Amino acid sequence: MKKNYLSILLAGAMTVTMLAGCGSSSSGSDASSSAGTASASAAGGNAVSSSAASSSAASSDTGETYHVGVVLKTTSSEYWKYVIAGIDQAEKDLGNITVDVKGATSDTAFDEQQNMVETVVASDSVQALAVAPLQSSAINTIAQSSSMPIIAVDTNFDAAKTFIGTAHEDAAYQGGKYVAEKIGKGGKVVILANIQGEATSEARVSGYRKALEEGGCDILATQYTDGVGDKAVTVTDGVLQTYPDLDAIVCCADDVALGASRAIKSAGRENDGIVVCGFDGISSGVQAVIDGEITCTVAQDPYNMGYQTVVTLEDILKGKSVDSFIDTGCSVITSDNAKDYLKKLNGLIS
């Protein structure tokens, strides 16, 4: 699973050929990002930034050691395994930092994650903490009352010292723009969101909506699926009955897109040309693009997200200034680039 530094750089360079690298947006409190992160984003977000290399060199000179914590939304899904792989590689490359990784049992285990964060903060077992919040408001309250440096990963909250992740609205905009071009002006679209009110899902909905409206598409409805494939099947069944002339379904997760695809097949409408767009770019979603089950997916870069998290925590503990938003990049994966992207994904956690 571990890669040497050269191989990571080569993997990042490969993604130059991919579609639609995304810029920063209002997903973070500031749209600026470091030169190193900008380089990573320009390569599809998969190159390890130059700041990581400089931090690694400095670590060996100072002899200081650090102990940090990371609390993820969950550790049980493929997406978060890529984040953990990036964390592991950064820990290895930097050489002077120990990372304790925890995560809730599911994306809806709100109280469980909150208890994890409260326990870590109260114990002073680590010097700094990164959190991918399931409920931003709850984690924000904890961060506001803590003297420990706390940063946000994947999903932002106001009290975070910085936000490391995808510009979710911009990323969904790129996917929505691709769909709008596929179905044309006047195309009828339904948005399948994840959890109602959850910041990341709502940002993706906003990005999709903006691109589709700009493309002259007709957004028929926004339905919520809790990010669960089985629920997406049920929701899509209803959508297909309500809107028989539907042209596209845009989804806020790959599992949701796969559920929508299953429902389309069950209804005998797999040959109707309904465009289905996913989000996350996990291997099952990318494979579904290759197999023609869905049309495209908006791929985040969770590996780089994990890597930059560790680098940034170390920078904070060294007293360095960090940007308020570090964009880890995205790509729109279609049949044109899906095979190459899947090969890269399989290499990260093999």
Side-chain angles (χ1 to χ4, degrees), residues 1-3 8 11-12 15 22 27-28 37 40-41 44-49 52 68-94 97-107 109 113 116-117 120 126 128-134 136 139 150-157 160 162-168 171 194 198-200 204 227 253-255 279-286 297-314 325-331 341 344-350:
M1 177 176 72
K2 303 295 179 68
K3 299 278 184 291
I8 300 169
T15 60
C22 299
S27 297
T37 305
S41 296
N46 295 289
V48 175
S49 74
V68 301
V70 178
V71 179
L72 303 176
K73 292 184 178 181
T74 182
T75 56
S76 61
S77 72
E78 179 188 332
Y79 176 86
W80 294 104
K81 285 180 171 57
Y82 294 126
V83 176
I84 294 169
I87 290 170
D88 289 345
Q89 187 62 50
E91 185 178 22
K92 178 181 177 181
D93 288 348
L94 296 175
I97 191 164
T98 301
V99 187
D100 291 340
V101 180
K102 303 178 186 296
T105 53
S106 75
D107 283 340
Q113 189 196 50
M116 284 180 176
V117 175
V120 171
V126 298
L129 179 65
V131 183
L134 288 172
S136 295
I139 302 306
I150 301 178
I151 69 174
V153 182
D154 183 76
T155 301
N156 201 11
F157 52 92
T162 187
F163 168 47
I164 300 172
T166 305
H168 293 286
N194 293 344
E198 195 272 327
T200 298
R204 294 175 187 178
D254 281 342
D255 285 344
F279 199 111
D280 281 334
I282 60 176
S283 63
S284 57
V286 178
T297 180
V298 181
Q300 300 189 77
D301 191 348
Y303 181 91
N304 192 36
M305 204 178 294
Y307 198 104
Q308 296 299 332
T309 293
V310 180
V311 170
T312 303
L313 287 172
E314 187 198 50
F325 174 41
I326 299 173
D327 184 357
T328 50
C330 71
S331 302
Y341 193 78
K344 189 196 72 164
L345 283 180
N346 290 338
L348 292 176
I349 58 173
S350 58

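Values below: all heavy atoms of this structure, side chains included; hydrogens, waters and symmetry mates excluded. None of the values given here were measured: they were computed from a predicted structure.
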Partners of A199 by side chain to side chain contact (heavy atoms under 4.5 Å, CB included), sequence neighbours excluded?
S136, T155

Side chain to side chain donor-acceptor pair (under 3.5 Å) with S77: which residues, sequence neighbours excluded?
none

Applying side chain to side chain contact (heavy atoms under 4.5 Å, CB included), can you list everything that pairs with T105, at least two apart in sequence or on another chain?
A109, E112

Hits for side chain to side chain contact (heavy atoms under 4.5 Å, CB included) against A299, two or more places apart or cross-chain, chain-then-number order -> I333, Y341

Kindly write out the residues that satisfy side chain to side chain donor-acceptor pair (under 3.5 Å) with T98, not counting sequence neighbours, or none if the list is empty.
none

Under the rule for side chain to side chain donor-acceptor pair (under 3.5 Å), what residues qualify as partners of T75, not counting sequence neighbours?
none

Strictly distance-based, threshold 3.5 Å: is any side-chain N or O of Q113 a donor or acceptor partner for the main-chain N or O of L134?
yes

Under the side chain to side chain donor-acceptor pair (under 3.5 Å) test, which residues partner T297, sequence neighbours left out?
D254

Who pairs with A253 by side chain to side chain contact (heavy atoms under 4.5 Å, CB included), at least two apart in sequence or on another chain?
N194, V256, D280

For E91, the salt bridge (Lys or Arg N to Asp or Glu O under 4.0 Å) test, sequence neighbours excluded, returns none

Tell me, please, which residues at least two apart from D154 pass salt bridge (Lys or Arg N to Asp or Glu O under 4.0 Å).
K73

Between P133 and V131, what is the shortest heavy-atom contact and its length?
CD-O, 3.2 Å

